[in-house]
Amino acid sequence: MTAADQTTFRADLLRGKTAFIAGGTSGINLGIAKRFTRLGARVAVLGRNPDKARAAAAEIDADAGVSGTIALTADVRDYAAVEAAFAAAVAELGGLDILIAGQAGNFPAPALGMSANAFKAVIDIDLIGSFNLFRAGHQHLNLPGASLIAITAGQAVKPTPLQSHVCAAKAGINILIKTLALEWGPMGIRVNGISPGPIADTEGMRRLAPTPEAEAHVKAVTPLRRFGRTDEIGDAAIYLCSPAGAYVTGTILDVDGGTGAGSFGSPGSLGGII
Ligand code: HXC
């Protein structure tokens, strides 16, 4: 239990809740999984690599002082594999209260530097993967009251050199979130997005700001002048999933140090993307 848990949220806020977190084996989504588990939720994390999934589940358990976090393996591009992962999760957890589509792929490359398959790989992981998760997970949701979150990014609304694949995928995710919020709201399902800015200790920042110079530049163009923490994305997810967010749906919540509020970056530079 951290000081933040005691001051920010009641320690049992998510007790009795169940959560399925795709991409929960590392980075931002592992941070969300840890925050949820510390506040009493039972969590299943899904990744592509079984060893990494098992290690993440053990890390989440140790962090919260519990046992029973579920490690699942599937490629979100494979609908049948996603369905099987949900079946395995609900066999242990029962119905799902929270479903997070946090999986993502990214590499910086100009459009002329990527093959059609490279572009498609990111669309398939991010956008098609989010649809697959929400579509296959729907039948397992506890209704009314289920909360769905997709992790998007500022590239969804900001054309960004070297990120045509991510821009297109995340823009699709943003409109998917809003459309499903309309279709599923009457069923008692809320659908929202979180748009993180530069977050420390993530694969994304290792790829997009790989040198100390790039890191310094990103901080210099971030209004709050620092990287965010994975637990700060976790706190945003808790807000959206808890009773505090009960009237919020179809929203994209920027948790980005202010980077989405305007462009401080130099146009055309990778630092300008965030
Ligand atoms: C050009 C590239 C490339 C690169 C891969 N490809 N890297 N092309 N430049 N740097 C091409 C490959 O040659 C191949 O095309 C195609 O992409 C698919 O690659 P595979 O390795 O076969 O696919 P796969 O194993 O499915 O990997 C998908 C991936 C990979 C996206 C390419 O990077 C990945 O798995 N990433 C997951 C982890 C990740 O990226 N996390 C970061 C998320 S960060 P050909 O034509 O040769 O077949 C994030 C943050 C965004 O999303 C916001 C930040 C602020």
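Counting begins at 1 with the first residue of the sequence. All ligand and atom numbering here is 1-based and tracks the order in the structure.
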**Report entry** Least distance between heavy atoms, His165 atom then Val122 atom
**Finding:** CD2-CG2, 3.5 Å
Query raised in the report: With a 4.5 Å heavy-atom cut-off, do Phe36 and Ile100 have their side chains touching?
Result: yes
Query - Basic-acidic side-chain contact under 4.0 Å: Arg226, Glu232 - result: yes
Report summary line: At under 4.0 Å between heavy atoms, what of Met205 touches ligand 1? The answer is neither
Query raised in the report: Is Arg48 in polar range of ligand 1, meaning some N or O pair under 3.5 Å apart?
Result: yes
Requested in this report: Please answer whether the main-chain N or O of Ser147 pairs with a side-chain N or O of Asp97 as donor and acceptor at a distance below 3.5 Å.
Outcome: no
Report task. Answer with yes or no whether Gln155 contacts ligand 1, where contact means a heavy atom under 4.0 Å from a ligand atom. Result -> yes
Query raised in the report: Does Arg225 reach the main-chain N or O of Ala220 with its side chain, forming a donor-acceptor pair under 3.5 Å?
Result: yes
Query raised in the report: Atoms of ligand 1 less than 4.0 Å from Asn106 heavy atoms?
Result: 31 (C), 33 (O), 39 (C), 40 (O), 43 (C), 44 (S), 49 (C), 50 (C), 51 (C), 52 (O)
Requested in this report: Would you check if the side chain of Thr18 reaches a backbone N or O of Gly95 as a donor-acceptor pair within less than 3.5 Å?
Outcome: yes
**Report entry** Numbering as shown, the atoms of ligand 1 that approach Leu208 to under 4.0 Å (heavy-atom distance)
**Finding:** 54 (C)
Query raised in the report: Would you say ligand 1 has an N or O under 3.5 Å from any N or O of Asn117?
Result: yes
Query raised in the report: Which is closest to atom 39 (C) of ligand 1 in terms of heavy atoms, Pro108, Ala156, Ala104, Gly102?
Result: Ala104
Report summary line: Nearest non-hydrogen contact to atom 11 (C) of ligand 1 from the set Pro198, Ala118, Gly197, Ala209 belongs to Ala118
Report summary line: The answer for which part of Ser115 has a heavy atom under 4.0 Å from ligand 1 is side chain
Requested in this report: Check Ala153 against ligand 1 and report side chain, backbone, both or neither, counting heavy atoms closer than 4.0 Å.
Outcome: side chain
Query raised in the report: Does Val166 approach ligand 1 within less than 4.0 angstrom via side chain, backbone, both or neither, non-hydrogen atoms only?
Result: neither
Could you give the side-chain donor-acceptor pairs of residues 102-116 under 3.5 Å, partners two or more places apart or in another chain?
residue	atom	partner	partner atom	Å
Gln103	NE2	Ile125	O	3.0
Gln103	NE2	Asp126	O	3.4
Gln103	NE2	Ser130	OG	3.4
Asn106	OD1	Gln163	NE2	2.9
Asn106	ND2	Gln163	OE1	3.1
Ser115	OG	Asn117	N	3.3
Ser115	OG	Ala118	N	3.0

**Report entry** Atom indices of ligand 1, in the order listed, that fall short of 4.0 Å to a heavy atom of Gly113
**Finding:** 1 (C)
Query raised in the report: Do the side chains of Arg54 and Asp51 get nearer than 4.5 Å, heavy atoms only?
Result: yes
Query raised in the report: Polar-atom distance check: Asp126 versus ligand 1, any N or O pair below 3.5 Å?
Result: no
Requested in this report: Keeping the roles fixed (side chain from Ser195, backbone from Gly154), state whether a donor-acceptor pair exists under 3.5 Å.
Outcome: yes
Query - Where Leu182 and Pro186 come nearest, the two heavy atoms and their spacing - result: O-CD, 3.4 Å
Query raised in the report: Numbering the atoms of ligand 1 from 1, which are under 4.0 Å from a heavy atom of Ala109?
Result: 9 (N)
Query raised in the report: For ligand 1, which atoms sit closer than 4.0 Å to a heavy atom of Arg77?
Result: 26 (O)
